[in-house]
Amino acid sequence: MSLKIFNTMSGKKEDFVPQKENHVGMYVCGVTVYDYCHVGHARAAIVFDTLYRYLKYIGNEVNFIRNFTDIDDKIINRANEEGVEWQEINRKYIEAFHEDMGKLNIASPTVEPKATDHIPEMLEMIQSLVDQEKAYESQGDVFYSIKTFKDYGCLSGKNIEDLKSGARVEVNEVKQDPLDFALWKKSKPGEPSWESPWGPGRPGWHIECSAMSKRYLGDTFDIHGGGKDLVFPHHENEIAQSCGCTGKQPVRYWVHNGFVNIDKEKMSKSLGNFFTLRDIYKKYHPEVLRLFLISSQYRSPIDFSEKNLEDATKVMSRFYEGLAGANEKLKKMDINSISELDEKVKGHPLTKSFEAAMNDDLNTAVVMAHLNEGLRHLNSASINEEFAITAQAWINSAKVLGLFASSPEKFEEELFAIKSKNLNIDVEKIEKLIADRNTARKSKNWSEADRCRDELTAIGVLITDTPHGTEWKIK
RNA sequence: GGCACCGUCGCCAAGUGGUAAGGCCGAGGUCUGCAAAAUCUCUAUCGGCGGUUCGAGUCCGCCCGGUGCCUCCA
């Protein structure tokens with residue numbers, strides 16, 4: 001059984017076979033750094049982070065490239081609005097990206113190239129296209145001539161005639177054909193610019209990904225990923241550029257993640273219905289967000305709501321409590337005495353079903369079902385070798401999904417910090433009530449004990465009597 | 001208008017044509033002074049109507065409802 005992945009190009013799940021055995025080249029479109037990331041960005045990052053982790057898990061060496069678009073109209077506008085240099089905007093939001101995504105336990109790609117560090121590679125490609133008469137200069141801009149590429153539309157399933165008859169194709173007299181797109185844009189006075197054979201300007205959006213993927217992964221590489229919204233025109237144009245240049249299809253598997261919706265509607269900047277990660281972290285733990293985002297298969301739309309995050313919080317807490325319990329039991333036994341532990345973990349049914357689900361186009365929703373069942377087994381298991389193997393299989397699977405980045409104690413603390421900030425928690429008062437209750441309990445004054453607990457419940461505190469004493473947390 | 005996609009329990013969410021995973025919520029049992037946590041048990045015939053088939057949530061057609069792309073967008 002091996003990995004199958006849905007290829008947008010064919011519209012089917014295909015067996016994933018890398019070009020070079022056990023080596024995978026993967027390029028994922030990153031973000032344009034002019035603002036803070038929202039949940040949609042997080043989903044894309046998590047999906048491909050999960051794919052990255054899984055590819056490694058099944059024995060591949062992965063060369064993973066994720067770019068930053070650091071020159072574009074929106075960046076220039078933002079810089080003008082704030083009265084700072086455009087580089088300052090980039091610096092600020094790249095740093096924010098790393099901070100916000102880091103909290104989601106997104107692993108670092110092999111390389112995170114920036115567009116502006118690769119202008120020469122882009123100019124080289126543009127020149128090649130111009131030389132082959134697949135691109136033309138017009139008033140300082142350079143456009144790709146769509147009619148020179150007969151397969152245009154192959155990825156998105158569009159045909160040129162349909163696009164032309166569509167109402168939203170812009171009319172532009174500098175283009176030979178309305179569908180032609182910019183490879184190089186002449187700069188206006190005062191804008192950042194680079195020298196080129198066609199005068200000072202800056203790259204069009206699409207060329208950077210073609211140039212950088214070629215630079216780091218070669219003319220043809222295995223996986224190119226991004227959000228569904230990039231299929232057209234971005235990735236379609238990349239194909240046109242790369243094929244035009246090298247005569248080869250650049251990508252073997254096109255992988256696209258579905259959107260995050262708000263009330264069934266796509267979360268997007270232009271609709272203004274987006275939540276930044278920073279805002280969400282004020283109310284919910286980042287790992288909870290990750291769990292929520294992998295609880296659906298990556299191609300399905302996923303509806304973002306507070307209710308869903310609250311559900312995810314419960315699940316994540318249960319997972320960490322399960323982990324704490326498992327760790328405690330594991331401590332009581334000598335794991336090293338188990339012969340061939342790794343082999344037994346690999347052959348465990350939980351590992352097998354994890355792999356089967358992941359192999360089926362990364363069906364993380366099914367993995368969650370298996371993890372829940374695994375947890376139920378662990379919670380009721382007695383301490384023995386079988387338990388240790390199951391526990392190990394369970395933890396390993398969760399980690400490939402990027403979960404359990406923290407420890408149960410730390411997670412609990414962080415959750416507490418988030419909740420208490422939103423609730424105005426008075427720890428002294430709580431501890432006093434718990435002490436009073438325990439005093440009452442000792443003298444079997446149950447009504448007084450219950451009164452204390454009712455008061456705690458009223459302020460949102462949940463208490464649990466354990467052999468080690470009374471524990472409490474915020475509901 | 002063109003091209004795609006989606007509609008499964010109150011909510012979230014899986015489901016190679018062979019008889020509906022899992023989670024949240026809810027009900028009941030065990031545990032507990034009572035709770036909580038844990039654990040056990042219970043809770044859907046798949047938007048509608050036709051068709052293909054021995055058999056359909058799963059294929060085909062039509063209808064209803066919703067979304068996306070066609071413009072920057074993860």
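Numbered from 1 within each chain, the chains take letters A, B, ... in sequence-line order. Note that these values count all heavy atoms, side chains included, but never hydrogens, waters or copies made by symmetry.
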Asks: Output the rounded distance in Å from OH (A:Tyr52) to C1' (B:rA74).
Replies: 20 Å
Asks: Kindly point out which of B:rA14, B:rA74, B:rG23 is positioned nearest to the side chain of A:Asp229?
Replies: B:rA74
Asks: When you measure from the side chain of A:Asn257, which nucleotide among B:rA74, B:rA35, B:rC69 comes out closest?
Replies: B:rA74
Asks: Heavy atoms under 4.0 Å, any strand shown: does A:Asn308 hit a base, just sugar-phosphate, or nothing?
Replies: sugar-phosphate
Asks: Under 3.5 Å, which protein N or O atoms sit close to an N or O of nucleotides 25-30 of chain B? Give each pair with its distance.
Replies:
none

Asks: Give A:Phe259 one of three labels, base, sugar-phosphate or nothing, depending on what nucleic acid heavy atoms sit under 4.0 Å from its own.
Replies: base
Asks: Between the side chains of A:Thr390 and A:His348, does any donor sit under 3.5 Å from an acceptor?
Replies: yes
Asks: Whole-Å distance between B:rC24 C1' and A:Phe319 CZ?
Replies: 13 Å
Asks: Over all strands shown, is A:Leu230 touching base, sugar-phosphate only, or nothing at heavy-atom distances under 4.0 angstrom?
Replies: sugar-phosphate
Asks: Can you label the angle between the A:Tyr152 ring and the A:Phe232 ring as parallel, tilted or perpendicular, going by 30° and 60°?
Replies: perpendicular
Asks: Rounded to the nearest angstrom, tell me the gap between atom CD1 in A:Ile75 and atom C1' in B:rC72.
Replies: 12 Å
Asks: Where the side chain of A:Phe232 is defined as all heavy atoms beyond and including C-beta, which of B:rC69, B:rA21, B:rA74 is the nearest nucleotide?
Replies: B:rC69
Asks: Of all the choices, B:rC24, B:rG68, B:rG33, which nucleotide is nearest to the side chain of A:Trp446 once you look at every atom?
Replies: B:rG33
Asks: Any N or O donor-acceptor pair under 3.5 Å from the base of B:rG1 to the side chain of A:Asp162?
Replies: no
Asks: Without hydrogens or angle criteria, can the side chains of A:Gln297 and A:Asp361 be said to hold a donor-acceptor pair below 3.5 Å?
Replies: yes
Asks: For residues 453-461 of chain A, which side-chain donor-acceptor pairs fall under 3.5 Å, sequence neighbours excluded?
Replies:
| from | atom 1 | to | atom 2 | distance (Å) |
| --- | --- | --- | --- | --- |
| A:Arg453 | NH2 | A:Asp450 | OD1 | 3.4 |
| A:Glu455 | OE1 | A:Arg451 | NH1 | 3.0 |
| A:Thr457 | OG1 | A:Arg453 | O | 2.8 |

Asks: Would you say B:rG68 has OP1 or OP2 under 4.0 Å from some side-chain N or O of A:Ser268?
Replies: no
Asks: For each nucleotide in nucleotides 4-9 of chain B, reading 5' to 3', give B when a protein heavy atom comes within less than 4.0 Å of its base, S when such contact involves only the sugar-phosphate, and - otherwise.
Replies: ------
Asks: If only side-chain N and O atoms of A:Asn363 are considered, is one of them under 4.0 Å from the OP1 or OP2 phosphate oxygen of B:rA13?
Replies: no
Asks: Please determine whether side-chain contact (heavy atoms from CB on, under 4.5 Å) holds for the pair A:Met122 and A:Ser210, giving the CA-CA distance in whole Å, both sets of side-chain angles, and the decisive distance to 0.1 Å.
Replies: CA-CA 8 Å; A:Met122 296 187 222; A:Ser210 293; over 6 Å; no
Asks: In a check of side chain to side chain contact (heavy atoms under 4.5 Å, CB included) between A:Met358 and each of A:Leu401, A:Ile58, A:Leu3, which one passes?
Replies: A:Leu401
Asks: Choose from B:rA13, B:rG66, B:rG22 the nucleotide whose nearest atom is closest to any side-chain atom of A:Ala365.
Replies: B:rA13
Asks: Partner lookup for B:rU43, please. Criteria are Watson-Crick or G-U wobble with both distances under 3.5 angstrom; report none if nothing qualifies.
Replies: none
Asks: Applying a 4.0 Å non-hydrogen cut-off, can you work out what A:Gly30 is touching in the nucleic acid: base, sugar-phosphate, or nothing?
Replies: sugar-phosphate
Asks: If you check every side-chain atom of A:Leu163, which of B:rC70, B:rA14, B:rA21 has the closest atom?
Replies: B:rC70
Asks: With both distances under 3.5 angstrom, what nucleotide forms a Watson-Crick or G-U wobble pair with B:rC62?
Replies: B:rG48
Asks: If pairing requires Watson-Crick or G-U wobble contacts with both distances under 3.5 Å, which nucleotide is the partner of B:rU53?
Replies: none
Asks: With the criterion being N/O to N/O and under 3.5 Å, what pairs connect the protein with nucleotides 37-39 of chain B, and how long is each?
Replies:
| from | atom 1 | to | atom 2 | distance (Å) |
| --- | --- | --- | --- | --- |
| B:rA38 | O3' | A:Asn379 | ND2 | 3.3 |
| B:rU39 | OP1 | A:Asn379 | ND2 | 3.0 |

Asks: For A:His206 and A:Phe181, take the angle between the two ring planes, folded into 0 to 90°, and tell me which bin it lands in: parallel under 30, tilted 30 to 60, perpendicular over 60.
Replies: perpendicular
Asks: Which of residues 36-48 of chain A sit near RNA chain B, with a heavy atom under 4.0 Å from it?
Replies: A:His38, A:Gly40, A:His41, A:Ala44
Asks: Give me the ring orientation class for A:Tyr54 and A:Phe354: parallel if the planes are under 30° apart, tilted from 30 to 60°, perpendicular past 60°.
Replies: perpendicular
Asks: Taking the side chain of A:Asp450 as heavy atoms from C-beta outward, which of B:rC70, B:rG22, B:rG33 is closest to it?
Replies: B:rG33
Asks: For atom C1', what is the distance between B:rG65 and B:rC72, given to the nearest Å?
Replies: 30 Å
Asks: Can you tell me how far P of B:rA36 sits from CG of A:Asp465, to the nearest Å?
Replies: 11 Å
Asks: Please work out which residues in residues 432-439 of chain A have a non-hydrogen atom less than 4.0 Å from an atom of RNA chain B and list them by number.
Replies: A:Arg437
Asks: What integer distance in Å separates A:Met368:CE from B:rG23:P?
Replies: 10 Å
Asks: Report which part of the nucleic acid A:Glu471 touches: base, sugar-phosphate, or nothing (heavy-atom distance under 4.0 Å, all strands).
Replies: nothing
Asks: So A:Phe292 and A:Phe304, would you call those rings parallel, tilted or perpendicular, with 30° and 60° as cut-offs?
Replies: perpendicular
Asks: Using the closest heavy atom to pick a nucleotide of RNA chain B for each, name whichever of A:Ile463 or A:Glu265 lands nearer the 5' end.
Replies: A:Ile463
Asks: Which listed nucleotide (B:rA21, B:rA14, B:rC24) is nearest to the side chain of A:Gln297?
Replies: B:rA14
Asks: Which nucleotide, in any strand shown, forms a Watson-Crick or G-U wobble pair with B:rC24, with both distances under 3.5 Å?
Replies: B:rG10
Asks: For the pair made of CG in A:Leu293 and C1' in B:rG23, what is the distance, rounded to whole Å?
Replies: 16 Å
Asks: Would you please classify the geometry between the A:Tyr36 ring and the A:Tyr93 ring as parallel, tilted or perpendicular, with 30° and 60° separating the classes?
Replies: perpendicular
Asks: Describe the nucleic acid contact of A:Lys269 in one word from base, sugar-phosphate, nothing, applying a heavy-atom distance below 4.0 Å.
Replies: nothing
Asks: Think A:Lys444 has a side-chain N or O under 4.0 angstrom from the OP1 or OP2 of B:rC34?
Replies: no
Asks: Pick base, sugar-phosphate or nothing for A:Val28, based on heavy-atom distances below 4.0 Å to the nucleic acid.
Replies: nothing
Asks: Whole Å only: how far is the NE2 atom of A:His234 from the C1' atom of B:rC70?
Replies: 17 Å
Asks: My understanding is that a pair needs two contacts under 3.5 Å, Watson-Crick or G-U wobble. By that rule, which nucleotide pairs with B:rU32?
Replies: none
Asks: Would you kindly compare A:Asn159 and A:His370 by the position of their nearest RNA chain B nucleotide and give the one closer to the 5′ end?
Replies: A:Asn159
Asks: Whole Å only: how far is the CG atom of A:Asp303 from the P atom of B:rC11?
Replies: 13 Å
Asks: Does B:rC69 pair with anything, Watson-Crick or G-U wobble, both distances under 3.5 Å, and if so, with which nucleotide?
Replies: B:rG2
